[in-house]
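Notes to accompany the following structure.
Throughout, protein chains are lettered first and strands after them, A, B, ... in sequence-line order, and every chain is numbered starting at 1. These numbers come from the heavy atoms of this one structure, side chains and all, not from hydrogens, waters or symmetry mates.
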Number of protein chains: 2
Amino acid sequence: MAAQEQYEELAQQLSAIGAVKRGLGRVLPQECPAGAAAVLALVERHGEMRMSRLAELLAIDMSVTSRHVAHVAGRGWIDRSPDPADKRSRILRLTPAGRDMLAEIAERYTRALTHYLGDWSDDEVEQLNSLLGRLRASFDDCRPTASTPAADVT
Amino acid sequence: MAAQEQYEELAQQLSAIGAVKRGLGRVLPQECPAGAAAVLALVERHGEMRMSRLAELLAIDMSVTSRHVAHVAGRGWIDRSPDPADKRSRILRLTPAGRDMLAEIAERYTRALTHYLGDWSDDEVEQLNSLLGRLRASFDDCRPTASTPAADVT
DNA sequence: TATTGTTATACTCTATAACTATA
DNA sequence: TATAGTTATAGAGTATAACAATA
């Protein structure tokens, strides 16, 4: 259990971290904004999936997910094939072109971070990754999506 | 110096941290969106300042800063008085109403974070704050703004 | 009737460029 | 001529609501 000033400080840090995200986003290819890059990365990491699953992983509304996916599908980076088991659903798969784009993105991200974080140790980056992962997890656990069995006191 | 996978992982984590920011932003009062709250917090923390200084602290363009400040000034939370020493400038000062709003925001942030991070130790939050601070600093150091003494090889 | 996904609309945040006033 | 700040415009990201097709 942390102190109140620590929480206020954390809120400040999170507010300010947007500058870092924007800086990193600026290295992306023109055709591939941050939202599109996130889609590609998640489909690569978790394998083929449906729209609803992707929306859950992105932690954004499915309507927004739909637009991002339309963007990457329009450029041939993702394949949307109908799910034979449920014709309402679509299965998302990374295409070879998608993998190429992802490799390009990874290279740009790595180059930028090497530049900015050249003086960070392996351990420090590892720690930050770990803490950010836990932070997300702590928020996910309390989301109204799924894993909320009951509690319907109207 | 970290490994490439760590950098890719960090890029992923930063991309995903937006969900946390949005979650935290949802607890803010209707009249005070995240951008406005950031303005108030920085003026409280650093004391009275000019627009250009605030823009630098926010790490956003002054045009955007101007809109955020207009928002908080319009609600009486910030006072914009002309700088007697330079009539082009305006000095920003927190008003009592601004302090009240800030107290309200701090309370909401703290309540939310207590809820989400109840199982985090004092040390863990401290570590995360520290690493996020360093991350920002590492990016700031490489920004084209100020602290770029020479290098004008046209 | 409920669920999957898409589209329309609106809001927040940001950047670029044009503009005003002052140095 | 250069700088401080404002405003107009455009683009990315997100949420809500209405809608289509299928379960």
Check: When the distance from CG of B/Leu58 to P of D/dG5 is rounded to whole Å, what number comes out?
Finding: 13 Å
Note to self: Under 4.0 Å from OP1 or OP2 of C/dT12: is there any side-chain N or O of B/Arg22 that close?
What the structure shows: no
Check: What nucleic acid atoms does B/Arg53 come within less than 4.0 Å of, heavy atoms only: base, sugar-phosphate, or nothing?
Finding: nothing
Notebook entry, point to check: Looking at the side chain of A/Met51, which of C/dA15, D/dT14, C/dT6 is the nearest nucleotide?
Noted result: C/dT6
Notebook entry, point to check: Does any N or O donor sit under 3.5 Å from an N or O acceptor when you compare the side chain of A/Ser63 with the base of D/dT14?
Noted result: no
Notebook entry, point to check: Whole-Å distance between D/dT6 P and B/Arg50 CZ?
Noted result: 12 Å
Next item on the list: Send over the distance from A/Ile60 CD1 to C/dT12 C1', rounded to a whole Å.
Entry: 15 Å
Margin query: How many whole angstroms separate atom CD1 of A/Ile17 from atom P of C/dT14?
Written below: 14 Å
Check: Looking only at side-chain N and O atoms, does B/Arg90 come under 4.0 Å of OP1 or OP2 in D/dT6?
Finding: yes
Item checked: Toward the 5' end of DNA chain D, by each residue's nearest nucleotide, A/Lys87 or B/Asp61 -> B/Asp61
Next item on the list: Report the distance from atom CE of A/Met62 to atom P of D/dA17, rounded to the nearest whole Å.
Entry: 15 Å
Next item on the list: Please determine if A/Glu104 and A/Arg99 form a salt bridge, counting it only when a charged side-chain N lies under 4.0 Å from a carboxylate O.
Entry: no
Notebook entry, point to check: Reckon A/Ser52 has a side-chain N or O less than 4.0 Å from the OP1 or OP2 of C/dG5?
Noted result: yes
Checklist line | Stretch residues 66-73 of chain B: residues that reach within less than 4.0 Å of DNA chain C through a heavy atom | finding: B/Arg67, B/His68
Margin query: What contact category does A/Asp83 fall into here, base, sugar-phosphate, or nothing, at under 4.0 angstrom with non-hydrogen atoms?
Written below: nothing
Next item on the list: Find the distance A/Arg26:CZ to D/dG11:P and express it as a whole number of Å.
Entry: 17 Å
